[in-house]
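We use all heavy atoms of the structure for the numbers below, so side chains are in, but hydrogens, waters and symmetry mates are not. No experiment lies behind these values; they were computed from the predicted model shown. Both counts, for ligands and for their atoms, begin at 1 and track the order of listing.
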Amino acid sequence: MSTPRKLHIKSYGCQMNVYDAQRMVDTLAPEGFVETAQAEDADLVILNTCHIREKASEKVYSELGRLRVAKDEAARNGRAMQIAVAGCVAQAEGDEIIHRAPVVDVVVGPQSYHHLPHLLARARAEGRAIETEFPVEDKFAALPAPKPAAIRARGISSFVTVQEGCDKFCTFCVVPYTRGMEVSRPVARIVEDVQRLADNGVREITLIGQNVNAFHGDGEDGAPWSLGRLLHRLAAIPGIVRLRYSTSHPRDVDDALIEAHRDIPAVMPFVHLPVQSGSDRILEAMNRKHTAADYRRTVERFRKARDGMAFSSDFIVGFPGETEDDFSATLALVDQIGYAGAYSFKYSPRPGTPAADMQEAVTTASDTSRIMDERLARLQALIDRQQAAFNAAAIGKTVEVLFERAARNPGQIVGRTAYLQPAHVMASPDIIGQVLPVAVDSLERYSLIGRLAQAAQPVVSSRVPSAMTTGA
Ligand code: SAH
Ligand code: SF4
Ligand code: F3S
C-alpha cells in the first residue's frame, strides 16, 4: 500500500450522494486515502454535487473559489492538492466546469466514480481527466466492499442503493439527465450488502433510489422482484430490525409494497411520498401522471394496511402557470393528508428541462418572485404546524426508539422513533443498537425527551401505537 494520503469529501443534495460519498471513500481506501475533516489539509478534495435547483449547483462554484486559495497555499508548501467535482453538476456540465473553474483536476459523473483511481492518475499525468459517460458495466459490482471497521465507524443505520436513475421525466427535473435511466440492482447483490452491514452492527437499512419503488431487480429465482418482495427478503436477515425506503413515486406504489407495511413489523410505518402539488392542472403540466385524488387514495391504502402510518412529502411552489387556485388546491391537499413533515421548494428553472421553456409563456406578473416567496411561506407555515402537532402527539406516550449514539449532552443517548424523530434519554451506551420503549415526557424543538420505559432488553417488534397518527 502507498503512504497515507488525505481525502476530504463534501456532499450536497440527496441521500444518493451521501451513499455515493461513502462508496468513493471505500474506492479510494485501497489507494491509501484516509478521510480528513479539513479541506485545507487534504491531498484530494472531492465535491459531490447536486444540480436539482440553481442554488444547489451554484454552491459548487463558490466552494471552488475557496479551494483555489487552499490549493495555491498547498502548492507554496510543496504539496500537490487534487480537486475533483463529482455528482450531478459534473454530469450536467462536464468540461464546462473546468472552463469556469480551471482549479478542477477531475470531473466524474455519478455513474463513473468507480473509475476515480484511474482518473486521478490520468489527471496527474495529463493535467485533467473528465468522465461523464454512462458506462455499460455495473458500477456497484466494480466497487470494493467497505471494510468492517469502516462499517462500524459509520454507525447502526445505513443506506443501501437498490435502484438508480429515473425514467419519469417530470418536466421540472434534471435527475433523468444527470443519473440516467432506471436501473435496478440484482437482489443477490443487495442481500450480500445488507448481510455484510448486519454482520458489522448495522440494525437499520434505508433502501435508496431516485425512484426506489420502481425497483424491479432480478430476484433469487431469476424473476424480477418488486420492492415489497425485496423488503420481505431483507427482513429475514438476522440483525436487521428496521427497514425504510426512499424516495417513492406515488405512481409506483403497488399492492406488494402496501402489504409489506402490513405484514413486516421491521418495515417502518413512515413513507416519504412526494406529491409536488395538489392541483391536477399543475400535476399534469409537471408530467406526474397522477391526480390529487389518486394520491389521496394511495395514502388511504397505506393507512388501512398499517396502524400509525405517517407521511412526508416534497412540494414545489410557483411552477410555471401556478395560479392562486392551484396553490389553494395544494394547501387543501396538505390539510387533508396531515403530514409528519415535508420539504417545500420554490420552482427553479433547470437548463434542458421542458418546464424551463414554459416559464416565459406563463410568468407575465412582474412580481413572480414575491408571489413565490409568499406562497412558500404560507405552505411552510401549514407544514410546520402539522409537524409540531405530530411531534407533540408523542408527549405522554411510549414509543419505540432505535438508539444510535451518545448525544452531545453527557450521559444522554440519542436514537430515532419510527418516524425519524430524534429521541433523547439518560442511559448507558450499552443500549446503542437496540430498539427500546421510551416514555416521552417533553419536546425540545424537534427532539423528544424521555425515559427508558423498562429495563434494557431488546425489543424486536417495531409496531407503534395507532395514537401516533397526526389526527389531522
Ligand atoms: N425522485 C423524487 C425527487 C427527486 S428531487 C421524486 O420523484 O419525488 C427532490 C425534490 O426536489 C423533488 O421532489 C422536488 O420537490 C424538488 N425539485 C426537483 N426539481 C426542482 C426544480 N426544478 N425546482 C424546485 N424544486 C425541484
Ligand atoms: Fe425527478 Fe420526477 Fe424522476 Fe423524481 S420522478 S427524480 S421528480 S423526474
Ligand atoms: Fe441532486 Fe443529483 Fe440527488 S441533482 S438531488 S444529487 S440525484
Ligand 1 contact on [X] by region, counting heavy-atom pairs under 4.0 Å:
X: Gln210; answer: backbone
X: Thr247; answer: side chain
X: Phe172; answer: both
X: Lys346; answer: backbone
X: Arg288; answer: side chain

| task | Identify, by atom number and element, the atoms of ligand 3 in contact range of Gln210, meaning under 4.0 Å from any of its heavy atoms. | result |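 By the 4.0 Å cutoff, the relevant atoms are 7 (S).
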
Could you see which bit of [X] sits under 4.0 Å from ligand 2, with heavy atoms only: side chain, backbone, both or neither?
X: Asn211; result: side chain
X: Phe172; result: side chain
X: Pro176; result: side chain
X: Cys170; result: both

| Between Asp373 and Arg370, is a salt bridge (Lys or Arg N to Asp or Glu O under 4.0 Å) present by the stated rule, with each step listed? | CA-CA 5 Å; Asp373 285 339; Arg370 186 188 58 74; over 6 Å; no

Which residue and heavy atom of the protein sit nearest [atom], plus the separation:
atom: atom 6 (S) of ligand 3; value: Asn17 ND2, 3.3 Å
atom: atom 2 (Fe) of ligand 3; value: Cys88 SG, 2.2 Å
atom: atom 4 (S) of ligand 3; value: His51 N, 3.3 Å
atom: atom 1 (Fe) of ligand 2; value: Cys173 SG, 2.3 Å
atom: atom 3 (Fe) of ligand 3; value: Cys14 SG, 2.3 Å
atom: atom 3 (Fe) of ligand 2; value: Cys166 SG, 2.2 Å
atom: atom 1 (Fe) of ligand 3; value: Cys50 SG, 2.3 Å

Say whether [X], considering both its backbone and side-chain N or O atoms, lies within less than 3.5 Å of an N or O atom on ligand 1.
X: His249; value: no
X: Ser248; value: no
X: Ser348; value: yes

Side-chain touch [X]/[Y], heavy atoms, less than 4.5 angstrom:
X: Ile151; Y: Ser158; result: no
X: Phe302; Y: Phe311; result: yes
X: Tyr12; Y: Lys59; result: yes
X: Asp193; Y: Phe140; result: no
X: Arg5; Y: Glu31; result: yes

| Within less than 4.0 angstrom of ligand 1, does Ile316 place any heavy atom? |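 Contact check Ile316 vs ligand 1: positive.
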
| query | Are Asn211 and ligand 1 in contact, using a heavy-atom cut-off of under 4.0 Å? | reply |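 The answer is no: ligand 1 sits nowhere under 4.0 Å from a heavy atom of Asn211.
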
| Can Met16 be said to touch ligand 3, with heavy atoms closer than 4.0 Å? |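 No heavy atom of Met16 comes that close to ligand 3.
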
| message | Only heavy atoms of Phe169, strictly under 4.0 Å: list the atoms of ligand 2 that pass. | response |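 Result: 8 (S).
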
| query | Which atoms from ligand 2 have a heavy atom of His249 less than 4.0 Å away? | reply |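 This gives 5 (S) as the contact atoms.
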
| query | Touching ligand 2 at all, Arg288? Heavy atoms, strictly under 4.0 Å? | reply | yes

| field | Arg350 to Phe172 six-membered ring, cation-pi geometry met (6.0 Å, 45°) | value | no

| query | Within 45° of the ring axis of Tyr61 and under 6.0 Å from its six-membered ring centre, is that where the NZ or CZ of Arg100 lies? | reply | yes

| Does the protein place any heavy atom closer than 4.0 Å to atom 26 (C) of ligand 1? | yes

| request: Run through Glu164, His114, His115 and flag the one making a side-chain hydrogen bond (donor to acceptor under 3.5 Å, both in side chains) with Lys139. | output: Glu164

